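Report on one structure; see the data block that follows.
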2 protein chains.
Amino acid sequence: MSEKKPTRSELKRQAILRAAKQAFQERGVNNTSMDELAALAEVSKRTVYNHFASKEVLIITLMSELWRQATQCDGGDYEADTDLKLQLCKLIEAEIAAICSREYIELNRVAFDYFFHQPEALRQQMEKFSAYETSITRWLKAAAADGRLRDLDIEIGSKQIHNLIKGSCFWPQLMQVNPLLDQQERHMLAERTAALFLSHYRA
Amino acid sequence: MSEKKPTRSELKRQAILRAAKQAFQERGVNNTSMDELAALAEVSKRTVYNHFASKEVLIITLMSELWRQATQCDGGDYEADTDLKLQLCKLIEAEIAAICSREYIELNRVAFDYFFHQPEALRQQMEKFSAYETSITRWLKAAAADGRLRDLDIEIGSKQIHNLIKGSCFWPQLMQVNPLLDQQERHMLAERTAALFLSHYRA
DNA sequence: AGGATTTTACACTAGGTAGTTTACTTTTGG
DNA sequence: CCAAAAGTAAACTACCTAGTGTAAAATCCT
């Protein structure tokens, strides 16, 4: 019982956020009027403004919400006595799962839509979002320190991996020119990315 | 003398297109009103409509214009008796020069802005724009046929190269989160992309 | 010079949007 | 049960935008 008392007010608020998410993703932030949004949420326009002081506040609130939902992943740490390729592959697959998740892409879509003409604000958002890009960096450092990778600039290597991933499962999906990757496609992408990478950097 | 008679009308038209390019890129298609645009071009709004029947026509015309300007590149064909890495490197560098050119990125910026919420139309534009991606494919085919590359799926290989390139010199610049690459950065990117690629696929 | 073409300023139509106000109804909770 | 809190519909403000109509003025061409 400790979690059971969604007030009517809270239900309305959730309905508004749900409608905003759908409308902003499908039709865009600028192409969704507050009237349409209220209608979609089956709520009066005044109620929208009772919960959110302005359209801007609603957008920001929604993005924080999506960000919270999309924010967790991990593929494990470096292990000295396990096969390099297997480890890297697993790690990359975890990264793919996070970056290519519907939540993450939809969040980015709203953010890009909203910030496309505000490069400074976009840069800041990107930094927040790119928190993901650290787990692979950590692993590369550990593997390099252990002498199992050679000729490796961590920054560049990490970027190469992410470029190989994102070019296939993030950017095209963000732009909706390609569908999301399924389980097997993700696996194969991880597989061949790890293979290409290790061909060059394995000690 | 054969090229010297820009009529006043033509000058106005150019001024409008120049202003449109600037305004659409800096402030976005939807955030630029025809009044602002006319003011920026130092032309009366009526003149804008005398030259372009509607905002839509202006946008399409501008994109065709930018497309024409951005459209030419070549890095040479495959040669059987030249060093693989040198050839590929040169080819990649040519591709980078095209994809990362200001013209090409600005074109894509206007296109993405305009088509972000019209996935079908965007897909069509992307196909037009990605004509670039063929010269590397051609080269890979030739080199593979000549037995100097192994384990290579042309489609995947070509995509890997393009992902490695675009992740560093196209997507971030399209979003204006990173500046354009200079000559040396381009060269180094081509260099390490070719190196990574050939480590894996060289026969 | 003089008629045709183009440009200009400006008023105007028609429609959309963020946000507010009002008068009324429903839900909630002590 | 009843007062406070929250929700509702609808009209309303104030502003923005694409596109048009018009008559006068600048420019072009022969």
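Given the structure is predicted, the values throughout are model-derived calculations rather than measurements. Naming: A, B, ... by sequence-line order, numbering from 1 per chain.
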Exercise. Do any side-chain nitrogens or oxygens of His51(A) fall under 4.0 Å of OP1 or OP2 in dG7(D)?
Worked result: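 Yes, such a contact exists.
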For this session: Using only side-chain N and O atoms of Thr47(B), determine if any of them is under 4.0 Å from OP1 or OP2 of dT8(C).
Result: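 So the side-chain polar atoms of Thr47(B) do come within 4.0 Å of the phosphate oxygens OP1 or OP2 of dT8(C), strictly under.
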Could you give the [atom1]-to-[atom2] distance, from [X] to [N], as a whole number of Å?
X	N	atom1	atom2	answer
Ile16(B)	dT7(C)	CD1	C1'	10 Å
Leu37(A)	dA18(C)	CG	P	9 Å
Glu10(B)	dT7(C)	CD	P	10 Å
Asn50(B)	dT8(C)	CG	P	9 Å
Glu42(B)	dA9(C)	CD	P	11 Å

Exercise. Is the backbone N or O of Arg202(B) less than 3.5 Å from a side-chain atom of Arg150(B), with the two atoms forming a donor-acceptor pair by type?
Worked result: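 Yes.
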For this session: Check for a donor-acceptor pair, side chain of Glu10(A) on one end and backbone N or O of Thr7(A) on the other, with a separation under 3.5 Å.
Result: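 Absent.
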For this session: Mind telling me whether Phe112(A) and Trp171(A) have parallel, tilted or perpendicular rings, with 30° and 60° as the class edges?
Result: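 Taking Phe112(A) first and then Trp171(A), their aromatic rings sit tilted (interplane angle of 30° to 60°).
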N/O to N/O distances under 3.5 Å, protein versus nucleotides 27-30 of chain D:
none

Lys/Arg-Asp/Glu bridge criterion (N-O < 4.0 Å) met for [X], [Y]:
X	Y	value
Arg123(A)	Glu120(A)	yes
Arg68(A)	Glu65(A)	yes
Lys21(B)	Glu103(B)	yes

Exercise. Distance only, no hydrogens: is a donor on one side chain within 3.5 Å (strictly under) of an acceptor on the other, for His162(B) and Glu95(B)?
Worked result: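 Per modelled atom types, His162(B) and Glu95(B) side chains form a pair under 3.5 Å.
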For this session: Please say whether the positively charged group of Arg109(A), taken as NZ for Lys or CZ for Arg, lies over the ring of Phe24(A), i.e. under 6.0 angstrom from the six-membered ring centre and within 45 degrees of the axis.
Result: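 No, cation not above the ring by the 6.0 Å, 45° rule.
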Under-3.5 Å N/O pairs linking protein and nucleotides 13-20 of chain D:
residue : atom : partner  : partner atom : Å
dA18(D) : OP1  : Lys55(B) : NZ           : 2.7
dA18(D) : OP2  : Met34(B) : N            : 2.7
dG19(D) : OP2  : Tyr49(B) : OH           : 3.1
dG19(D) : OP2  : Lys55(B) : N            : 2.8
dG19(D) : N7   : Lys45(B) : NZ           : 2.8
dG19(D) : O6   : Lys45(B) : NZ           : 3.0

